[in-house]
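What follows is a single structure, written as structure tokens, with notes after it.
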Amino acid sequence: MKLGVITSIFDGMNFKEVVDFAAENDLECLEVACWPKAEGPQRRYAGVCHIDVAGLTVEKAEEIKAYLKVKGVKISALAFYPNTMDADLTKRQANIDHLKKVIDASALLGVNLVTTFIGRLQDKNVEENLEEVKKVWPPILSYAKEKGVRVAIENCPMLFTKDEWPGGQNLMTSPSNWRKIFEILPFDNFGINYDPSHFIWQQIDYIRPIYEFKDKIFHVHYKDIHVFQDKLADVGVMAYPLEYMEPKLPGLGDVDWGRYVAALTDIGYDGDTCIEVEDKAYERSLDDAKRAVRQSAHYLRNFVVR
């Protein structure tokens with residue numbers, strides 16, 4: 001397994017600066033943030049653009065590949081996490097259009113993997129959303145397949161605050177939903193970007209699905225979550241999740257990383273694994289973000305050795 005980081009934490013740094021940081025800190029891969037270049041407010045950890053896929057040319061792609069080769073760093077995936085099933089059809093189409101540009105760029109760069117969300121109509125039930133999946137996703141996956149690109153869906157519910165209530169903005173959040181969606185979308189280029197932290201606060205076993213879905217795990221995240229039991233006892237599981245839990249750096253939350261990595265080695269996973277930083281204790285500055293990545297990598301090297 002290769003150890004790297006998703007670059008969305010490095011807002012304010014350009015692509016080459018991020019690659020330099022990775023090389024200097026013995027990180028082997030980057031999940032590169034590829035949101036559209038835009039001004040105005042963005043949601044937390046979104047809106048970062050380290051590769052402008054809309055303006056990517058063959059020449060620029062070759063320049064990127066050459067720089068990565070010199071630095072000994074690879075791109076694990078191109079990342080764009082929107083709601084591709086937004087109820088606002090204008091926003092939905094804009095998200096899908098940009099996702100296709102990310103797919104194009106992934107093919108052009110020889111990465112051939114895109115990490116994203118499947119989306120959700122947040123005020124509709126699961127059954128209604130599954131019907132929407134049938135309409136929205138086959139054309140996207142067919143497009144990606146034609147380009148030789150795999151698509152990995154992260155299992156984040158995108159359900160943290162009142163803005164995302166009641167259903168969240170990503171349907172692919174549990175093993176139960178995975179089975180239903182994989183049945184609807186039997187594409188061999190369609191899989192999972194596995195993040196154990198989201199299962200912690202949903203009270204889902206985060207080890208067992210690794211074995212069941214071993215052939216669908218295309219990419220892996222390292223992010224931790226701490227559930228404050230006293231807060232949970234006060235507000236209950238029906239509260240906004242951020243009222244009782246908090247994202248943490250690996251090793252500072254409730255994930256048993258030894259068991260997690262052991263399960264990945266059990267199934268023979270030898271792909272890319274990326275640190276994801278969403279710990280509010282490390283948000284005061286870019287230097288804090290860099291320190292968070294170094295600290296996470298130092299801890300995870302107990303389990304993932306170069």
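Nothing here was measured: the structure is a model prediction, and the numbers come from that model. Side chains are part of it too, since the values below use all heavy atoms of this structure and drop only hydrogens, waters and symmetry mates.
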May I ask you to decide if [Y]'s main-chain N or O and [X]'s side chain share a donor-acceptor pair within less than 3.5 Å?
X: Asn189; Y: Leu141; value: yes
X: Asn170; Y: Cys156; value: yes
X: Lys216; Y: Phe190; value: yes
X: Asp11; Y: Val48; value: no
X: Asp224; Y: Lys248; value: no
X: His98; Y: Cys34; value: yes
X: Gln295; Y: Ala292; value: no
X: Ser142; Y: Pro138; value: yes
X: Thr273; Y: Lys2; value: yes

Using ring pair (Phe, Tyr, Trp, His ring centres under 6.0 Å) as the criterion, list what pairs up with [X], not counting sequence neighbours.
X: Phe199; answer: Trp178, Tyr194
X: Phe218; answer: none
X: Phe187; answer: none
X: Tyr67; answer: none

To the nearest 0.5 Å, tell me how far [X] [atom1] sits from [Y] [atom2].
X: Asp97; Y: Arg92; atom1: CG; atom2: CZ; value: 12.5 Å
X: Arg150; Y: Asp188; atom1: CZ; atom2: CG; value: 10.0 Å
X: Asp123; Y: Asn129; atom1: CG; atom2: CG; value: 8.5 Å
X: Leu264; Y: Ile207; atom1: CG; atom2: CD1; value: 8.0 Å
X: Met172; Y: Trp137; atom1: CE; atom2: CH2; value: 9.5 Å
X: Lys101; Y: Asp52; atom1: NZ; atom2: CG; value: 9.0 Å

If two hydrophobic side chains count as joined below 4.5 Å and joins carry through other members, does [X] share a cluster with [Y]?
X: Ile204; Y: Val237; result: yes
X: Phe228; Y: Leu249; result: no
X: Val58; Y: Val149; result: yes
X: Tyr211; Y: Phe303; result: yes

Around atom [atom1] of [X], are there more than 12 heavy atoms from other residues, nucleotides or ligands closer than 6.0 Å?
X: Asp270; atom1: CG; answer: no
X: Lys124; atom1: NZ; answer: no
X: Lys74; atom1: NZ; answer: yes
X: Glu63; atom1: CD; answer: no

On a heavy-atom basis, which atom in [X] and which in [Y] lie closest, and how many Å separate them?
X: Pro157; Y: Gln202; value: CG-NE2, 3.7 Å
X: Met85; Y: Leu121; value: O-CD2, 3.3 Å
X: Asp195; Y: Glu276; value: OD2-OE1, 3.3 Å
X: Leu113; Y: Ser106; value: N-OG, 2.9 Å
X: Tyr244; Y: Ala239; value: CE2-O, 4.1 Å
X: Asn177; Y: Leu171; value: ND2-O, 2.9 Å

Donor-acceptor side-chain pairing of [X] and [Y] below 3.5 angstrom:
X: Asn302; Y: Trp257; result: no
X: Gln169; Y: Glu164; result: no
X: His50; Y: Thr7; result: yes
X: Asp254; Y: Tyr206; result: no

Evaluate the side-chain hydrogen bond (donor to acceptor under 3.5 Å, both in side chains) criterion for residues His226 and Glu246: first the C-alpha distance (whole Å), next the side-chain angles of each, then the deciding distance (0.1 Å), finally the verdict. CA-CA 5 Å; His226 179 59; Glu246 188 171 292; over 6 Å; no

Please determine if [X] and [Y] form a salt bridge, counting it only when a charged side-chain N lies under 4.0 Å from a carboxylate O.
X: Glu62; Y: Lys65; answer: yes
X: Asp288; Y: Arg291; answer: yes
X: Arg306; Y: Glu28; answer: yes
X: Arg120; Y: Glu132; answer: no
X: Lys134; Y: Glu131; answer: yes
X: Lys231; Y: Glu243; answer: no

All side chain to side chain donor-acceptor pair (under 3.5 Å) counterparts of Arg259, not counting sequence neighbours: none

His198 and Glu154: side-chain hydrogen bond (donor to acceptor under 3.5 Å, both in side chains), yes or no, with the steps? CA-CA 9 Å; His198 302 301; Glu154 187 184 348; 2.9 Å; yes

If the plane angle is over 60° it's perpendicular, under 30° parallel, otherwise tilted; pick one for His221 and Tyr81. tilted

Would you call the rings of Phe80 and Trp35 parallel, tilted or perpendicular if under 30° counts as parallel and over 60° as perpendicular? perpendicular

Using side-chain hydrogen bond (donor to acceptor under 3.5 Å, both in side chains), reason through Asp287 and Tyr282 one step at a time and then give a plain yes or no. CA-CA 9 Å; Asp287 284 341; Tyr282 295 83; over 6 Å; no

Sub-4.5 Å side-chain heavy-atom contact between Pro247 and Asp279: no

Do the non-hydrogen side-chain atoms of Asn193 and Ile153 ever get within less than 4.5 Å of each other? no

Evaluate the criterion side-chain hydrogen bond (donor to acceptor under 3.5 Å, both in side chains) for residue pair Arg294 and Asn25; output intermediate values, then yes/no. CA-CA 7 Å; Arg294 291 191 189 102; Asn25 289 276; 3.1 Å; yes

Through direct or indirect side-chain contacts below 4.5 angstrom among Ile, Leu, Val, Met, Phe, Trp and Tyr, which residues connect to Tyr240? Leu159, Trp165

